[in-house]
**Q** 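The structure under discussion is supplied below as C-alpha cells; questions concerning it will follow.
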Amino acid sequence: MFVDAHHHVWDLSVRDQDWITGPELVPLRRDFTLRELEAAARFAGVTVTVLVQTITVPEETPEFLALAADSDLVAGVVGWTDLTSPDVADALAGLREGPGGEYLVGIRHQVQGEPDPRWLVRPDVLRGLSAVADAGLAYDLLVKPHQLPAAVEAAARLPQLTFVLDHLGKPPIASGELEPWAGEIRRLAALPNTVCKLSGLVTEADWASWAVADLVPYADTVLEAFGPERLMYGSDWPVCLLASDYVEVIDVAESLVSSVNPAEHREVFGGTAIRTYGLRI
C-alpha cells in the first residue's frame with residue numbers, strides 16, 4: 001500500500017477558494033479535480049489517498065465524503081466543522097450519517113489563519129476537540145511555528161485525541177532557521193498521541209531555487225522526533241505544484257527518509273496513515 005495522506009481538490013465554479021490571492025498563487029487559480037489527481041497518482045504508484053478540507057464552510061465536507069464514496073482512490077476524508085459550536089458533536093454525527101459518512105477520518109481547521117496564537121487552547125475549542133475524540137476521529141493540526149506551543153498544550157490536555165501535524169508545522173525552510181521550531185517539534189513528538197505528515201516541504205522552501213539539501217535538516221528533525229511509525233507521507237497536491245510536480249515530491253520524500261529500513265519505509269508511505277486514520281483499504 002502506498003498512501004498519499006494529504007491532498008486537496010476544488011472546483012471554482014462551485015465555490016471560490018478565497019485563500020488563493022496574489023500573483024504568486026495564480027497557478028492554483030483553476031479547477032483541480034480528482035480525475036486529474038488520479039492520473040498522476042496511478043502513474044506514481046499511489047494506491048489510496050486522504051482528501052483534506054480547504055476552506056471553512058460546512059458544505060465542503062459532505063461533498064468530499066460523497067466524492068470518496070464514488071472513488072477507488074480516496075480512502076478517507078479530513079473534513080471541517082465549527083469546533084467552537086456547542087453543537088459540534090451533532091454536526092459530526094450528521095456527517096457520519098450522510099452519504100459517504102464512513103469515509104470521515106478526521107477534522108481540520110485553518111488554525112494558521114487565526115490571529116490568537118493560543119486559539120487551540122480556548123475552552124470552546126478544547127470542548128470541540130474533545131467531541132472529535134469522542135467521535136473516534138483524528139485532528140489535523142494546520143499551524144505555523146509560533147502556534148506550536150499551543151498545539152503542544154492542547155495535545156497534552158487531550159491524550160484521548162490523535163493530533164496529526166500537517167506540513168511539519170510549516171518550518172521556515174526558506175530562511176534556513178531551525179529554532180525555535182525544532183524544539184517545539186520535539187516537545188510535540190514527546191506526546192504519544194501525536195503524528196506528523198511529511199508534507200508541504202517544497203512550498204516552505206524557496207519555490208524557484210530549492211534543493212533537497214535545504215529540506216534535509218527539517219526532515220531529519222521530524223524523523224528523529226516522531227520515528228517512522230508516527231510519520232506519514234502526503235503530497236499536498238495541488239499546492240505542491242507551485243514548487244514541484246507530483247512525482248518529484250514523492251521522489252524527494254523517498255530521498256529524505258532513505259536511511260530507514262524497508263519496514264520503516266512501509267510505515268512512512270502507508271502504515272502510519274492507515275493506522276492513524278483507520279483507512280478503509
Side-chain angles (χ1 to χ4, degrees), residues 1-6 50 106 108 111-112 120 138-159 161-206 210-236 240 243-244 248-277:
M1 280 289 169
F2 187 165
V3 179
D4 176 353
H6 195 105
V50 176
R108 186 176 85 149
V111 179
Q112 66 175 6
L120 280 163
Y139 180 72
D140 269 37
L141 281 166
L142 181 59
V143 295
K144 293 182 177 180
H146 73 283
Q147 297 164 322
L148 282 170
V152 173
E153 185 176 338
R157 292 175 66 171
L158 294 168
L161 177 60
T162 298
F163 288 79
V164 183
L165 181 64
D166 291 351
H167 314 328
L168 285 71
K170 312 200 84 170
I173 299 173
S175 68
E177 298 174 48
L178 271 175
E179 298 295 346
W181 168 84
E184 294 299 334
I185 286 294
R186 295 186 185 99
R187 289 181 63 218
L188 185 67
L191 300 168
N193 58 321
T194 62
V195 178
C196 182
K197 285 185 180 177
L198 188 65
S199 62
L201 286 170
V202 294
T203 45
E204 294 305 318
D206 185 300
W210 66 271
V212 173
D214 302 330
L215 315 180
V216 168
Y218 304 93
D220 283 353
T221 297
V222 296
L223 184 59
E224 178 183 357
F226 288 93
E229 71 284 353
R230 289 196 289 145
L231 198 62
M232 67 175 83
Y233 168 75
S235 67
D236 197 27
C240 67
S244 186
E248 184 180 36
V249 169
I250 293 174
D251 291 343
V252 167
E254 295 267 11
S255 69
L256 291 173
V257 297
S258 60
S259 62
V260 304
N261 64 42
E264 292 169 333
H265 183 277
R266 289 193 292 272
E267 289 291 286
V268 176
F269 292 95
T272 300
I274 294 169
R275 186 171 56 254
T276 300
Y277 286 129

**Q** Considering only heavy atoms from C-beta outward, does the side chain of Cys196 approach that of Ile185 to under 4.5 Å?
**A** no
**Q** State, yes or no, whether a side-chain contact exists between Thr194 and Arg230 at a heavy-atom distance under 4.5 Å.
**A** yes
**Q** First locate atom CD1 of Ile274, then atom CE of Met1, and finally report the distance between them rounded to the nearest 0.5 Å.
**A** 6.0 Å
**Q** Distance check, rounded to the nearest 0.5 Å: Phe2 atom CZ versus Ile250 atom CD1?
**A** 4.0 Å
**Q** Rounded to the nearest 0.5 Å, what's the gap from OH on Tyr218 to CG on Leu256? Could you check?
**A** 12.5 Å
**Q** Can you measure from CD (Glu204) to NZ (Lys144) and round to the nearest 0.5 angstrom?
**A** 8.5 Å
**Q** Run Val195 and Phe226 through side chain to side chain contact (heavy atoms under 4.5 Å, CB included) and show every step you take.
**A** CA-CA 7 Å; Val195 178; Phe226 288 93; 5.7 Å; no
**Q** Is Glu179 salt-bridged to Arg186, cutoff N-O under 4.0 Å?
**A** yes
**Q** Shortest non-hydrogen contact from Thr203 to Gly200?
**A** OG1-O, 3.3 Å
**Q** Can you tell me how far the CG atom of Leu215 sits from the CG atom of Leu201, to the nearest 0.5 Å?
**A** 5.5 Å
**Q** Give every donor-acceptor pair under 3.5 Å between a side-chain atom in residues 265-272 and any protein atom, sequence neighbours left out.
**A**
{"unit_1": "His265", "atom_1": "NE2", "unit_2": "Glu254", "atom_2": "OE1", "d": "2.6"}
{"unit_1": "Glu267", "atom_1": "OE1", "unit_2": "Arg275", "atom_2": "NH1", "d": "3.1"}
{"unit_1": "Glu267", "atom_1": "OE1", "unit_2": "Arg275", "atom_2": "NH2", "d": "2.7"}
{"unit_1": "Thr272", "atom_1": "OG1", "unit_2": "Pro228", "atom_2": "O", "d": "3.1"}
{"unit_1": "Thr272", "atom_1": "OG1", "unit_2": "Glu229", "atom_2": "O", "d": "3.3"}
{"unit_1": "Thr272", "atom_1": "OG1", "unit_2": "Leu231", "atom_2": "O", "d": "3.1"}
{"unit_1": "Thr272", "atom_1": "OG1", "unit_2": "Glu267", "atom_2": "O", "d": "3.1"}

**Q** How close do Asp4 and Gly234 get, heavy atom to heavy atom, and via which atoms?
**A** OD1-CA, 3.5 Å
**Q** Check Cys240 against Ser235 and note the closest heavy-atom contact, atom names and distance.
**A** CB-O, 3.4 Å
**Q** How far does CG of Leu141 sit from OG1 of Thr162, to the nearest 0.5 angstrom?
**A** 11.0 Å
**Q** For Ala219 and Leu198, which heavy atoms make the closest approach, and how far apart are they?
**A** CB-CD1, 4.3 Å
**Q** Indicate yes or no: at least one non-hydrogen side-chain atom of Val164 is less than 4.5 angstrom from one of Met232.
**A** yes
**Q** Taking all atoms of both residues into account, what is the closest heavy-atom pair of Trp181 and Pro145, and its distance?
**A** CD1-CG, 4.2 Å
**Q** So Val152 and Glu184, do their side chains get closer than 4.5 Å, heavy atoms only?
**A** yes
**Q** Identify the heavy atoms of Tyr139 and Val111 that sit nearest to each other, and give their distance.
**A** OH-CG2, 3.6 Å
**Q** Give every donor-acceptor pair under 3.5 Å between a side-chain atom in residues 165-172 and any protein atom, sequence neighbours left out.
**A**
{"unit_1": "Asp166", "atom_1": "OD2", "unit_2": "Arg108", "atom_2": "NH1", "d": "3.1"}
{"unit_1": "His167", "atom_1": "ND1", "unit_2": "Ser199", "atom_2": "OG", "d": "2.8"}
{"unit_1": "Lys170", "atom_1": "NZ", "unit_2": "Gln112", "atom_2": "OE1", "d": "3.0"}

**Q** Start with the C-alpha distance between Asp140 and Tyr277, add both sets of side-chain angles, then the distance that settles side chain to side chain donor-acceptor pair (under 3.5 Å), and finish with yes or no.
**A** CA-CA 10 Å; Asp140 269 37; Tyr277 286 129; 2.6 Å; yes
**Q** For the residue pair Tyr233 and Val249, establish whether any side-chain heavy-atom pair is separated by less than 4.5 Å.
**A** yes
**Q** Taking C-beta and beyond as the side chain, do Asp206 and Asp214 meet within less than 4.5 Å on heavy atoms?
**A** no
